[in-house]
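Each remark here refers to the structure printed beneath this line.
Chain letters run A, B, ... following the sequence lines, proteins first, then strands; residues in each count from 1. All values below were derived from every heavy atom in this structure, side-chain atoms included, with hydrogens, water molecules and symmetry-related copies excluded.
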Amino acid sequence: MEAAQTNYIGSIGLKPSMGEVIEMMASAPATETTKTKFECRDVEVFYSDKRALHGINMDVPDSGVTALIGPSGCGKSTFLRVFNRMNDTIPNARVAGQILMDGQDIYSKDIDPVLLRARVGMVFQKPNPFPKSIYDNVAYGPRIHGLALRKNDLDNIVEKSLVRAGLWNEVKDRLKEPGTGLSGGQQQRLVIARAIAVSPEVILMDEPASALDPIATAKLEELIDELKEKYCILIVTHSMAQAARVSQKTAFFHLGDLVEYDDTQTIFTNPKDQRTQDYITGRTG
Amino acid sequence: MQHFLTPEIMTCAFLIVGVVTAFLYGRGLATSRAQLTADSAGAHSLPSYHGYFSAWTVALLAIGVIALWVTFSGALPKFMFPTMMLGAIALGFIIINRLLTPTFRARNHVERFVGDALMICSGVAVLTTFGIVLSLVFESLRFFDQVPILDFLTGLNWSPQTALREDQIGQSGSFGAVPIFAGTFMITAVAIFIAGPIGLLIAVYLSEYANKRTRATVKPLVEILAGIPTIVYGFFALLTVGPAIRNFAEGFGLSVPTQSAIAAGSVMGVMIIPFISSLSDDVINAVPQTLRDGSLALGATKSETMTKVIFPAALPGIIGAFLLAVSRAIGETMIVVMAAGRAANLTGNPFEAVTTVTVQIVSLLTGDQEFDSAKTLAAFALGLVLFVFTLVLNVIALLIVRKYRERYE
């Protein structure tokens, strides 16, 4: 499925193919080292008695895009939901270990998950605009967090967010129309605008392009590329070409273990673990 | 033994034995004939389909005989009935014997039989509805011959006692139904006022806050409320709630009758709580989980998510649930007969006794009646109004619910 999509993107010339990307990266200079945003120490997630993640240790850099790849059921989405404590909303889910965000444990008693989620935004697999107008979708977060005191401020936030999400020009004349009436790709950019509107520090993306066609995917990847200047982005993806195109760091998960975590370039050109190599060359997964 | 073997019982026995035998015969025939042909896999349908086809054929012929008998039974001697049945079964077997070859498309015929049978069943329900409506309409027309329709729909005075004997005086009868409609609406309003908020909050709790185990326990328990016989609610309203309200009001120096709109309405409200809670719970659950996740991931609390995202998304369905509950409340009879009163007061005070459409129909039709007096026929007119009203409410509710469903599929 993913392979087919990848080849398709490559063959219609929208984006460089997997091989080309890797060649390009091999010649590009290595990404500079930056500050750490998240430190994960022995993170385990249990669903009832089932252990979905087996002690993950991983540092997520402050800037750039970090991709989480791996076969279905490897725990990458579970891991992503650790960062904004969305696993809390699943009954019987339990997280063990430590996740430090800027040095502070986000699972400590002092942290209110509701406030944490305002700092760590999330974009889901399926576009999920609320059945409200485009404007109200974007204004939802600022309203509940009281970010805008006057209508004017709110208008500004909405416009700025839509501009940043690359959707403003397409929707500026129909902000009162329902967000659910947009195309899939527009909806996904709308929910990104919705996430941006509360000024998060981090944006988590859970397979954001899996429900989109190749053209909308290309647009979304361009957007991710722009957003990484301002936000720390973690993206789960099934498409290895996508991981290679948009990310600077890549973590490969397999059966609940973090197998390998390195610069994206290294992972795709010179993986150290046999399992990683098998996965990225398409022998497993 | 002799009197058990009436022609009717014999006919039934023939019918059952005939259909079962036809099934076995058809299946056996198909099996043996398929084996006779060189390539047994060449048979079009499985033997059991030949069996079903045979059973259907005999059953249809038998039904034809019964229909004939019902129509002409007066003209024929009784022993003809089983005889005709036997003849029909024999005819069926002849047809089966002719038709069942390996190439016979028994499966397709059986499928068509099944489809037709299902259609006839639904047809029965639809025709019954039409029948009821027609009888209501015609009887109401007879009523409106005696009482002008405008007097009925706009008159403010309801006292349907007409003279039973010529020499009675002061019993002219007056059929202004407005006080009755007003009473019905007031009791319904009280019921919805109670059931609406409680039912809705139960739904919110069950769908968003309760854990799985609590939900699995509480939801059926709430639904039991809908299963309690209404007569039980009725005497509960009359013997417990009514006196309680009266005593309570007496504490304030007010005089409230035991039978009052508030007593009947509040008990009815309890009864329709499950209609609102169950249906609302279903529509709230039908709101996609991704919307909840989206809202929570933006840092909204559970209650913000509920009031700002889930509730607006589920609103059309919830309105549908309310309308269905209203139509249930309007048609409810037993509680109001016992607890609301019979006097047709035109009042806006829920602490007074009022009467409802259903109560009046009951009191018009119980006791000694002539069936063509205006008093009796008035019941049909009231029933028609009631029916039209609940029908309209149901249609609106279904339209709203359907519109809501289309949104997410």
Side-chain angles (χ1 to χ4, degrees), chain A residues 77 80-81 83-92 112-133 136-147 178-181 187-188 190-200 202-206 211, chain B residues 203-219 280-321 399-409:
Chain A
S77 288
L80 190 74
R81 294 166 71 100
F83 293 103
N84 65 344
R85 295 188 57 172
M86 276 303 275
N87 285 324
D88 294 16
T89 64
I90 301 172
N92 302 323
D112 182 353
V114 165
L115 295 178
L116 173 73
R117 289 181 198 136
R119 295 170 64 196
V120 184
M122 188 165 190
V123 174
F124 295 84
Q125 191 168 348
K126 233 181 109 202
N128 57 350
F130 302 135
K132 300 170 180 288
S133 71
D136 287 339
N137 260 285
V138 182
Y140 181 79
R143 276 183 180 141
I144 56 174
H145 294 295
L147 298 183
T180 41
Q187 288 189 11
Q188 202 61 304
L190 176 63
V191 300
I192 290 175
R194 190 174 72 186
I196 293 173
V198 290
S199 314
V202 183
I203 302 176
L204 309 173
M205 300 188 174
D206 190 356
Chain B
V204 169
Y205 171 69
L206 288 180
S207 58
E208 301 295 313
Y209 289 85
N211 63 37
K212 248 187 195 160
R213 254 181 62 195
T214 318
R215 183 168 190 269
T217 327
V218 172
K219 199 175 181 190
S280 302
D281 177 51
D282 290 345
V283 293
I284 290 174
N285 265 323
V287 174
Q289 181 62 31
T290 55
L291 290 185
R292 287 181 187 86
D293 288 346
S295 174
L296 293 173
L298 282 167
T301 62
K302 231 176 185 180
S303 58
E304 281 166 345
T305 303
M306 184 63 223
T307 51
K308 299 203 166 99
V309 175
I310 311 293
F311 188 74
L315 190 61
I318 291 171
I319 292 173
L399 284 179
I400 290 174
V401 170
R402 187 183 303 160
K403 197 177 162 203
Y404 161 79
R405 281 213 186 102
E406 280 166 1
R407 206 153 165 186
Y408 291 115
E409 276 167 12

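Interface remark: Arg81(A) contributes side-chain atoms only to the contact with chain B (heavy atom separation under 4.5 Å). Residue contact with chain B, scored on non-hydrogen atoms closer than 4.5 Å, involves the backbone of Val120(A) exclusively. For Leu115(A), no part lies near chain B; criterion is any non-hydrogen pair under 4.5 Å. For chain B, the nearby parts of Phe130(A) are the backbone and the side chain; heavy atoms of each come within less than 4.5 Å. The part of Pro129(A) that comes within reach of chain B is its backbone (N, CA, C, O), which places non-hydrogen atoms under 4.5 angstrom from that chain.
Lys132(A) and Lys308(B) get closest at one heavy-atom pair: NZ-O, 2.6 Å. Between Ala300(B) and Val114(A) the shortest heavy-atom distance is O-CG2, 4.2 Å.
The candidate with the highest count of non-hydrogen atom pairs below 4.5 Å against chain A, out of Asn211(B), Thr301(B), Val309(B), is Val309(B).
Annotation: the span from Glu304(B) atom CD to Arg143(A) atom CZ amounts to 13.0 Å, rounded to 0.5 Å.
In terms of modelled atom types and a separation under 3.5 Å, the side chain of Asn128(A) and the main chain of Leu291(B) share no donor-acceptor contact.
Residues of residues 292-299 of chain B placed with any heavy atom under 4.5 Å of a heavy atom in chain A are listed by number as Asp293(B), Gly294(B), Ser295(B), Leu296(B), Ala297(B), Leu298(B), Gly299(B).
Atom NZ of Lys219(B) is surrounded by more than 12 heavy atoms from other residues, nucleotides or ligands within 6.0 Å.
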